[in-house]
Amino acid sequence: MDQIIRYFFDFPLMAAYWPDILRGFLITIQMSILTVVIGIPLGLLIAIVRLYGIRPLNILIIFYIDFFRSIPQLVLIVLAYFALPYFGLVLEPITATVMALAIVLSAFSEEIFWAGISSVAKGQWEAGRSTGLNFTQTLAYIVLPQVVRMSIPPLTNRAIGISKGTTLGSVVAVPELLNVTSSIQSNVANPTALTVGALLFLVLFLPFVRFTRWLERVYAHPR
Amino acid sequence: MTVSERGRSTLEDSVVIRGLGKTFGSVEVLRNVNLDVKKGEAVVIVGSSGSGKSTCLRCINRLEEPTEGHIFVGGHEVTGKGVDLNALRRRIGMVFQSINLYPHKTALGNVTLALRKVAGLSKAEANEKGRRHLELVGLGQKADSYPAQLSGGQQQRVGIARAMALEPDVILFDEPTSALDPELVGEVLNVMVRTKELGMTMVVVTHEMQFAREVADRVVFMDHGVVLAEGTPEEILVAPEHPRIREFLTRTKS
Ligand SMILES: Nc1ncnc2c1ncn2[C@@H]1O[C@H](COP(=O)(O)OP(=O)(O)OP(=O)(O)O)[C@@H](O)[C@H]1O
Ligand SMILES: [Mg+2]
């Protein structure tokens, strides 16, 4: 027991590394938030465009969704960082990682939004249109509010899952939390750094999970 | 075709249907349907399942696209290209069998949405008008309830208030009580009677024969996509000449 504590919870040993850990933590937070605020709205936008039923565009969209849902995120990050420069697009490691993750999240959230839109009864559209609302108004005031509500639980799961992919940024040398803590671990030959990293991940994601649980509850019962 | 080209004067007419035809693919669902509904009239359409009643109704506000013929509502042609459908639909209320209240909005929110976004009323004006129409259907107390907190009958009354609040030229009812528990049918029919007394023009598809007999100014019997007979409730529902109608009536009585 004593040994475990010395091994995994040797906090004094960390003293010198706090600034690095904190910086890594902030980078992880930043990347997670960016991934979510880019990925989910982009997914919604794509779902809405798909709804207008423009044939060639929809074929493109479906290809986009299937492709980015199938390809491993790690591969995508590596491609974004190492391959895009050949096409004249040089990205910062952080930007490349966020871009890759946001695109993957957009593909998954498009699918979730699309399923939501499809599950809203045709009668909701008809009720709206029969009162003179146009297509876009019916979508905005009647359909989407219902879709957003029912999409929150699956979106949360996806968003958390994919945000955890920020740790993959280490392959392109993003100094994010896990990268920082695991290099500290090998420097001092003590995994306490990883313990700290894990705790910080909890600090980051737990409130998020709790918040969305609360949202689910609020939406489950009107009022 | 303009209204006057059809021959008869139409100032009295709220809904005019001429030569309406509708096919779904190769299936002909409506054939040469003609119908005149005068202002303030309640016309009830009856007929067996699949005879085209809903399709006919839904052509009037173009939830279905007619394949042939012309339809006028309040003197404006509904059919044809270049019609401002949204402006027209505002003038044509619809009440659905499946009710279709917006589940994320309160009763009042259901009634006021189009008042705000289509009629362009301010929030205060819309709320005032919405409450007035909820009072009219006896649900003034339920303005802030969500659909899930209302009975089916109450929900459908909100549906009627939602249609009435826009003060349309006509309200189309497509089997408004068919999805309701029997004990809830009466309250909805009562509201429809009141709607008629307020002078609203109504086209009603229903299987409630007693309502048809008591409230309809005219009854239209549809069969296999055509209007087989049209007349007073007495003529169609009490002493029908046509054997198809007699057969239909004995079937619905049982
Ligand atoms: N969207 C559609 N596509 C193909 N056929 C349809 C469609 N809508 C209706 N029909 C067909 O058109 C015919 C008339 O249908 P409609 O719903 O107008 O009948 P109805 O008289 O309202 O019947 P009910 O009393 O069952 O409501 C039916 O044979 C139906 O199967
Ligand atoms: Mg029907």
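Below, read A as the first sequence line, B as the second, and so on, with proteins coming before strands; counting in each chain starts at 1. Computation of the quantities below employed the complete heavy-atom set of this structure, encompassing side-chain atoms and omitting hydrogens, waters and symmetry-equivalent molecules.
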Please say whether more than 12 non-hydrogen atoms of neighbouring residues, nucleotides or ligands are located less than 6.0 Å from CZ in A/Phe63. no

Which atoms of A/Gln124 come close to chain B, meaning under 4.5 Å heavy atom to heavy atom: side chain ones, backbone ones, both, or neither? both

What part of B/Ile99 lies closer than 4.5 angstrom to a heavy atom of chain A: side chain, backbone, both or neither? neither

Kindly compute the distance separating NZ (B/Lys105) from CD1 (A/Ile142), expressed to the nearest 0.5 Å. 8.0 Å

Flag if over 12 foreign heavy atoms under 6.0 Å of CD, B/Glu65: yes

Where A/Lys122 and B/Arg58 come nearest, the two heavy atoms and their spacing: NZ-NH2, 4.0 Å

With a 6.0 Å cut-off (strictly less than), is the heavy-atom count around CZ of A/Arg213, excluding the residue itself, greater than 12? no

Begin from the C-alpha positions of A/Leu133 and B/Leu113 and carry the test side-chain contact (heavy atoms from CB on, under 4.5 Å) through to its verdict. CA-CA 9 Å; A/Leu133 294 167; B/Leu113 180 64; 3.7 Å; yes

Are more than 12 heavy atoms, taken from residues, nucleotides or ligands other than B/Glu135, located less than 6.0 Å from that residue's CD atom? yes

Part of B/Arg62 within contact of chain A (heavy atom distance under 4.5 Å): neither

Hey, which residues of residues 144-180 of chain A are touching chain B, say heavy atoms under 4.5 Å apart? A/Pro145, A/Gln146, A/Arg149

Look up atom CD1 in B/Ile60 and atom OG in A/Ser130, then write down how far apart they are to the nearest 0.5 Å. 13.0 Å

A/Tyr52 atom OH: more than 12 heavy-atom contacts under 6.0 Å: yes

Just verifying a value: how many Å separate A/Tyr141 OH and B/Arg116 CZ, rounded to the nearest 0.5 Å? 8.5 Å

Considering heavy atoms only, which positions within residues 84-97 of chain B lie below 4.5 Å of chain A? B/Asn86, B/Arg89, B/Arg90, B/Ile92, B/Met94, B/Phe96

Between the side chain of B/Asn100 and the main-chain N/O of A/Ala127, is any donor-acceptor distance below 3.5 Å? no

How about NZ on B/Lys22, more than 12 heavy atoms from neighbouring residues, nucleotides or ligands closer than 6.0 Å, or not? yes

